Colleague: 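Would you mind keeping the following structure in view while I ask a few things?
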Amino acid sequence: SGLDTMSAFFSISCYIFVLTLINICGLTYGFFSFLNTNRKAGILAAILSAILWGFNGGLHPLYQWITKSNFWYTDVSRSITVTITEIPFFSLLESDLHAHTLGALVGTVLLSLIISCWFNGFIPTDTKIRFFSPFFLGIAFLTNSWDLVIYGFIFVIVYFSRYQKLEKWMIYSWIIFILTIIPWLYHFQSPVKGISLVEVHSPIIPWLLFWGPSLLYAGFYLAFQKKNANQLFVILFLISILYLLFIDLFYFKDILNSGEWFRANTVFKFTSQIWLILSVLSAVSLTFLISQKKYLGIISVIAISIALVY
């Protein structure tokens, strides 16, 4: 390319961030379109998802401003005591190309496949879906092995929510998945030595400052729709809560096991994908409120304002 090493590094960091934003816009537009055929509303949902994922810092920066605390831009990446809560925009500022950055990009592909499989069926006439789902699950393992657990579980729950038995083509999916990961697995040595209970849990206020807005925005859809809520939306929302509970009750013992940051990696890796899922759900929820209850549009304005404080 002719670029020097440093310029190429920063260019790749920006490229991955923008590409992930584009993917999020696309999958959110698609998700919303299955719930509402209003094209303009779908575009709004796509824009909101990009903002809520890429530029949102939670309530922590606003809380620091209100309480007149000494603000430093790195604080949001450690919002919850002795854990890593690295938001996408912080990763961009630091040009962080660790596994979670690439994992978020792969996560957008997997989430798109989950949405497509749900609304179009797991056995579509286009057999590419059958190939790409296990292939990208394999890529998720290669990129960030934690994501296989996160999205593999979602695929299983989503599949059995639609169908009550295993189809023969699932065998071929397993073969594709195994063939994808074998080259990596042959040389891979996991640093994880087991799982253990968390003895010191997240302080409630920092936890709410970080996760509260996303859970609240996504919850609006469920509150207004109640029994008419889309089942996939409900599944993704409940699984997100389940993951949040899991990382506050359990942690994987790895290289940080002996220090006070013992669960930092567990929270860090799960946070990246939970943040992605809840950003999409929040955008769909807020746009739904605007399209159905126009007087509630002020909620979206407040949500975006808070998101952009950081």
Side-chain angles (χ1 to χ4, degrees), residues 3 5-28 47-62 64 71-112 139-151 202 206-207 209-211 213-214 240 243-244 247 254-256 261 263-283 304 306-310:
L3 290 175
T5 304
M6 183 176 293
S7 298
F9 177 82
F10 290 124
S11 296
I12 291 173
S13 178
C14 294
Y15 174 76
I16 292 174
F17 181 80
V18 172
L19 186 58
T20 306
L21 280 179
I22 293 172
N23 283 4
I24 289 173
C25 287
L27 75 90
T28 305
I47 294 172
L48 287 180
S49 66
I51 294 173
L52 292 172
W53 177 81
F55 305 100
N56 183 12
L59 290 174
H60 191 76
L62 183 62
Q64 286 186 309
F71 172 79
W72 183 237
Y73 81 101
T74 61
D75 293 344
V76 72
S77 70
R78 305 294 186 271
S79 295
I80 301 174
T81 309
V82 292
T83 66
I84 301 175
T85 53
E86 190 165 316
I87 60 173
F89 193 64
F90 177 84
S91 298
L92 175 66
L93 290 175
E94 293 291 305
S95 295
D96 189 344
L97 291 181
H98 281 112
H100 72 286
T101 302
L102 291 172
L105 179 58
V106 176
T108 60
V109 178
L110 288 171
L111 196 53
S112 297
I139 295 298
F141 180 77
L142 272 61
T143 306
N144 186 15
S145 56
W146 305 73
D147 294 344
L148 172 62
V149 177
I150 296 170
Y151 284 103
S202 301
W207 191 93
L209 289 174
F210 189 79
W211 290 113
S214 296
S240 296
Y243 284 155
L244 289 175
I247 62 178
D254 55 20
I255 58 175
L256 299 178
W261 291 78
R263 70 187 187 106
N265 269 333
T266 303
V267 174
F268 180 26
K269 302 303 182 182
F270 273 81
T271 290
S272 177
Q273 300 299 344
I274 299 171
W275 188 266
L276 168 62
I277 295 170
L278 287 178
S279 295
V280 173
L281 296 183
S282 296
I304 296 304
I306 290 174
L308 294 176
V309 167
Y310 180 72

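Note that this is a predicted model, so its numbers are computed, not measured.
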Colleague: Mind checking the CG-CD1 spacing from L276 to I150? Nearest 0.5 Å is all I need.
Modeller: 10.0 Å

Colleague: Once you round to the nearest 0.5 Å, how far does CG of L148 lie from OG1 of T143?
Modeller: 11.0 Å

Colleague: Begin with the C-alpha distance, continue with both residues' side-chain angles, and end with the deciding distance and a verdict on side chain to side chain contact (heavy atoms under 4.5 Å, CB included) for V106 and D147.
Modeller: CA-CA 9 Å; V106 176; D147 294 344; 5.8 Å; no

Colleague: Look up atom CG in L110 and atom CD1 in I277, then write down how far apart they are to the nearest 0.5 Å.
Modeller: 10.0 Å

Colleague: Identify the two heavy atoms, one from V149 and one from Y243, that lie closest to each other, and give their separation to 0.1 Å.
Modeller: O-OH, 3.8 Å

Colleague: Between W53 and F17, is the ring centre distance below 6.0 Å?
Modeller: yes

Colleague: Heavy-atom distance under 4.5 Å between the side chains of L59 and P213, does that happen here?
Modeller: yes

Colleague: Which heavy-atom pair separates S13 from D96 by the least distance, and what is that distance?
Modeller: OG-N, 4.4 Å

Colleague: So, do F270 and W275 have ring centers that fall under 6.0 Å from each other?
Modeller: no

Colleague: CG of D254 to OG1 of T266: how many Å apart, nearest 0.5 Å?
Modeller: 6.0 Å

Colleague: Can you tell me how far CG of L278 sits from OG of S49, rounded to the nearest 0.5 angstrom?
Modeller: 13.0 Å

Colleague: State which residues pass side-chain hydrogen bond (donor to acceptor under 3.5 Å, both in side chains) with S202; sequence neighbours excluded, sorted by chain then number.
Modeller: D248, R263

Colleague: Nearest 0.5 Å, what's the CG-OG distance between L27 and S112?
Modeller: 4.0 Å

Colleague: Quick check against the 3.5 Å criterion: does D75 have a side-chain atom that pairs as donor or acceptor with the backbone of W72?
Modeller: yes

Colleague: Assess whether side chain to side chain contact (heavy atoms under 4.5 Å, CB included) is satisfied between E94 and Y73, documenting all intermediate values.
Modeller: CA-CA 11 Å; E94 293 291 305; Y73 81 101; 2.4 Å; yes

Colleague: Between N23 and T20, does the side chain to side chain contact (heavy atoms under 4.5 Å, CB included) criterion hold? Intermediate values first, please.
Modeller: CA-CA 5 Å; N23 283 4; T20 306; 5.6 Å; no

Colleague: So T271 and W211, do their side chains get closer than 4.5 Å, heavy atoms only?
Modeller: yes

Colleague: Show the atom names and distances, to 0.1 Å, of all donor-acceptor pairs under 3.5 Å that link a side chain in residues 82-90 to residues at least two apart or in another chain.
Modeller:
| residue | atom | partner | partner atom | Å |
| --- | --- | --- | --- | --- |
| T83 | OG1 | I80 | O | 2.6 |
| T85 | OG1 | V76 | O | 3.1 |
| T85 | OG1 | S77 | O | 3.4 |
| T85 | OG1 | S79 | N | 3.0 |
| E86 | OE2 | S91 | OG | 2.6 |
| E86 | OE2 | H100 | NE2 | 3.2 |

Colleague: Which heavy atom in L21 sits nearest to a heavy atom in G54, and how many Å separate them?
Modeller: CD2-CA, 4.2 Å

Colleague: Got F268 and H98 here, is their nearest side-chain heavy-atom distance under 4.5 Å?
Modeller: no

Colleague: Test side chain to side chain contact (heavy atoms under 4.5 Å, CB included) on I16 and L102; report intermediate values, then the result.
Modeller: CA-CA 7 Å; I16 292 174; L102 291 172; 3.4 Å; yes

Colleague: Using a 3.5 Å distance criterion without hydrogens, assess whether the side chain of T108 forms a donor-acceptor pair with backbone atoms of L105.
Modeller: yes

Colleague: Look only at the side chain of Q273 and the backbone of G103, and say whether a donor-acceptor pair between them is shorter than 3.5 Å.
Modeller: yes

Colleague: Under 3.5 Å, side chain of S145 to main-chain N/O of F141, donor-acceptor pair present?
Modeller: no

